[in-house]
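Note that ligands are numbered from 1 as they come in the structure, with each ligand's atoms numbered from 1 the same way.
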Amino acid sequence: MELLEVLTQCFSPSGREDKIREIIKEKVAPYVTDVYTDAMGNLIAHKKGNGKKLMLAAHMDEIGFMVTHIEDDGFVRFTTVGGIVSANCINRCVTFENGVVGVISYEEKEGSNNPNPDKMYMDLGVSSREEAEKLVSIGDMAVHEGPFKEMGNCVTAKALDDRCGCWALIRALETHQKCPNELFAVFTVQEELGLRGAKTAAYAIEPDMGFAVDVSFTGDTPNCRKASLSLGEGPGLKMKDSSYIINPKAKAFMLECAQCANIPYQLEAAAYGGTDAGGINLTKSGIPAGTISVPERYVHSPREVVNKKDLENTARLVRQMIETEI
Ligand code: ZN
């Protein structure tokens with residue numbers, strides 16, 4: 001779990017993925033033919049093979065906040081970067097790249113019921129614009145503070161979305177024994193802003209098939225919205241979300257890999273959400289795509305929760321996909 005801790009605690013909001021990219025690059029380089037970074041910032045670990053092109057994508061970015069305005073009394077206004085849920089931010093800490101800490105709160109008269117971000121602010125613990133400007137500038141970004149902790153059979157931290165996927169893809173690369181396909185393991189950027197990195201990477205690679213490895217919400221907490229995934233029951237094979245509908249060939253490949261390696265899995269169909277599979281799917285004249293999901297509670301909060309067995313089984317499934325001819 002040490003690597004997952006390092007990955008989750010790295011500052012890496014959408015568009016600022018440079019730090020985590022260096023960590024991942026060092027980890028995967030020994031296991032592939034070459035590693036390169038494209039103009040968008042995607043990290044592409046490429047392994048030569050004689051078969052068709054398989055793209056596996058895990059996104060490196062996390063949701064965050066960007067400074068838009070500093071008030072005379074030192075309070076900082078912000079815009080959200082990705083799908084921030086206001087209720088998950090109130091009276092919680094965020095951290096800037098330079099280590100500056102802020103507490104997010106809301107205009108009291110507006111009420112605390114999931115306020116609009118423009119009625120929220122960051123308190124940097126200073127009392128004037130001059131002091132605040134010494135700490136942060138317009139355009140600077142912050143992320144949730146969410147230390148990594150083990151808890152029962154689970155772990156909790158910020159940014160498990162999608163450092164879980166990055167972790168599983170790294171583990172699969174480290175442990176794979178054969179590679180019949182031409183493999184492109186892509187650690188993508190800006191997924192949280194609309195699958196941006198996956199789109200440009202898929203355009204350049206033009207894979208025959210592509211899969212995202214990402215987290216997905218569960219339906220296993222008290223009185224929650226219905227969803228098929230539960231923690232601890234294995235990775236989800238996602239049939240649909242707002243970004244794509246599964247291609248029959250991609251579905252068959254995922255099922256074949258899970259069954260052949262005896263990996264527990266759960267079928268999943270979601271009414272909302274999106275993954276890099278959606279970006280890959282709509283590239284060029286269309287690419288069969290699917291998603292492997294790590295079941296996750298409290299998605300897009302500073303305290304996301306995933307099960308350790310699910311992590312292991314997701315890495316095993318990704319490895320099996322690398323080792324299976326598409
Ligand atoms: Zn994600």
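Ion pairing between K309 and E312 fails under the 4.0 Å rule for side-chain N and carboxylate O.
Residue pairs meeting the salt bridge (charged side-chain N to carboxylate O under 4.0 Å, His left out) criterion with at least one member in residues 63-90, sequence neighbours excluded: E71-R77, D72-R129, R77-E107.
Between the Zn ion (ligand 1) and the N, O or S atoms of D214, the shortest distance is to OD1.
With no hydrogens or angles considered, no side-chain donor-acceptor pair links H59 and Q190 at under 3.5 Å. Between the side chains of E256 and T324, not a single donor N or O lies within less than 3.5 Å of an accepting N or O.
Using a cut-off of 2.8 Å, one finds that D162 contributes no N/O/S atom close to the Zn ion (ligand 1). For residue D161, an N/O/S atom approaches the Zn ion (ligand 1) to within less than 2.8 Å.
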